[in-house]
Amino acid sequence: MSSRTRRMHRLGIRRSVFLSQLVMGSCVLALVVLLLVLNVGVFAQYTFFSGVVIIFALTACGAVVDWSRLPLWTIVIVPVLDIVAVTLMRIGQPSLAVAFFYILPVIWLASYFERWGALLGAGLSSVLYIAVTASETSSFGTTDVPRILVVPITLALVAVSTYRAAARNRAQRVILDRQSGLLETALERSKKGERLLDEVLDTLPFGVVRMNDSARVEFANRAYRSWVARQTAPVPGDIGYRVYAADARTVLPEHERPFVRAARGEEFGESVVWMGEPESEVRRAYAVAGQRVDVTDDSTGVVVVARDVTTELEAVKARDDLMASVTHELKNPLTSVAGFVELALEDPELSDVTRRQLEVVLKSSDRMLSLVTDLLEASRARAVGFTLSRAPMDLADIVRDAAEAARARSGDVELRLGNLDDAPMIADAFRLRQVVDNLVSNAMKYNRANGSVTVTIHATSDDVKLAVSDTGVGLTESEMTQLFTQYYRAPSTRNVGGTGLGLNISREIARQHGGDISVHSVPGEGSTFTVHLPRSGNEGEER
């Protein structure tokens, strides 16, 4: 027990004794004041006066004595002497019915000292009352028994009731103390967990900010605070600065800024924003995400996580620049190789062995040229985007032409054309042919032996859906989440050649047309890629 707890315990005992005796002293004081007004002569009775003095003296002792330093049984002396004092007052003035004052020490003993206190208080009071009353009766008969026993019976009932009530109170206090202990333990554990969480968050290299449902920042970890204190470049939460989109050139509208979205209680996945003016040398890029959290039933907030990805993006840009430079230098010699091999194959004097060897060289050079073209296309798209040449066209015609060209290299995979709705639309026919070729080529390349590929078109008055389904190996959930990432190759398809750029390029083309590409796949059963395109060319912007 701590010193503070012991001090509070001592104060509790002193206060309890004093308050219990104060009730008795107050009642007797009220009687004394009343008697002084009405009948001063009663104080001439020595026994009555002695009883009053004893009660007042005991009240003073209750206030002065430090009962916590004495044995517990010594407290019994006070209510016992109260009973004796009431008896003296009863002897001195039988007509005042001061016997009812016995109730106060009886209640005190029964509530404070439990069962034996109830027996002592009721028993001692009853014995003294009966003895005094009997001594006052000159001729004692059976008719006097009920009159004498009324007070003892009342005192016994008071003692029993007080004891039972005190027992219930003690039981409830024990339960409350246990619950209080559990709550204190839980609170301390919660505080420790909160401190541990703060320490863990402070060790993270990225910024973590929690905003409440009033858009006020309640917590920011050390990394975010250091960004703010550094002041070499603005951070995503700063106001008064322009925020740029992932292309580092487009200014984000106010309502699309990450912290503004979080202030609205909006959840959003990781998105890249740039802080600092384009000509600034201290521009920083941050990947920011927001997640709602429910603190209580009626209180929510948003946790914003921001990562400084400037170095990563600069490394990616350096890689892309190198890739673009290398692929550009490779394309010209590869084109020359393919051209001269085709010329050589036209020579009628070639032997069969040489012709087969040159055909292998031509296929390999065509494949390398296709890979280089994909790399150049991806680099160009990241740099300036796709340039679309929109014109009236029919997607069904493009699909038929693409299917006819693909059957020549389909091998043992069957290519089927399902329902092809007429799909006249305003779009770039060259780019959409690139999308169809890519999806059909992937469906055949990643299919199983003797599998099939089915292409369908469903057109409505507003949009067109092109679906390419295969019976291949399928994709897992984790693979589908990264499928459209540049250079990503699903683990289940890495035994087949490719750059991991085709789907990314196809999706960018679809998005430039105001549409998108979705995928549904079941591992072991196959995949379906669906291209959603608007019928009108107004949804997308030419770049």
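Sequential numbering from 1 along the given sequence is applied to the chain's residues.
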Thr460 versus Asp462, side-chain donor and acceptor atoms under 3.5 Å: no

For Trp108 and Tyr112, take the angle between the two ring planes, folded into 0 to 90°, and tell me which bin it lands in: parallel under 30, tilted 30 to 60, perpendicular over 60. perpendicular

Do the side chain of Thr250 and the main chain of Ala245 share a donor and acceptor less than 3.5 angstrom apart? no

Looking only at atom types and distance, does a side-chain atom of Ser20 sit under 3.5 Å from a main-chain N or O of Ser16, one as donor and one as acceptor? yes

Any side-chain heavy-atom pair from Glu188 and Glu184 closer than 4.5 angstrom? no

In terms of side-chain heavy atoms, does Ser527 have a donor or acceptor partner in His520 at a distance below 3.5 Å? no

Quiz item: cation-pi between Arg257 and Tyr241, 6.0 Å / 45°: no

Can the positive tip of Arg261 be found less than 6.0 Å from the middle of the six-membered ring of Phe268, inside 45° of the ring normal? yes

Side-chain donor-acceptor contact under 3.5 Å, Asp177 with Ser180: no

Does Tyr286 form a ring pair (Phe, Tyr, Trp, His ring centres under 6.0 Å) with Trp227? I'd like the steps, not just the answer. CA-CA 12 Å; Tyr286 298 93; Trp227 293 347; 5.2 Å; yes

Considering only heavy atoms from C-beta outward, does the side chain of Phe48 approach that of Leu35 to under 4.5 Å? yes

Would Tyr102 and Thr87 count as having a side-chain donor-acceptor pair, cut-off 3.5 Å? yes

Roughly how far, to the nearest 0.5 Å, is the OG atom of Ser518 from the CG atom of Leu483? 11.5 Å

Heavy-atom side-chain contact between Thr74 and Trp67 under 4.5 Å: yes

Do the side chains of Met89 and Val52 get nearer than 4.5 Å, heavy atoms only? yes

Is Ile83 close to Leu128 at the side-chain level, that is, under 4.5 Å between some pair of heavy atoms? yes

Nearest atoms (heavy-atom pairs only) where Tyr244 meets Val251: CE2-CG2, 3.5 Å

So, Arg507 and Asp516, do they make that salt bridge, N to O below 4.0 Å? no

May I ask you to decide whether Glu277 forms a salt bridge with Arg283, counting only side-chain N to carboxylate O separations under 4.0 Å? no

Side-chain heavy atoms of Val23 within contact of Leu19, under 4.5 Å: no

Run the salt-bridge test on Glu266 and Arg292 with the 4.0 Å N-O cut-off and return the result as yes or no. no

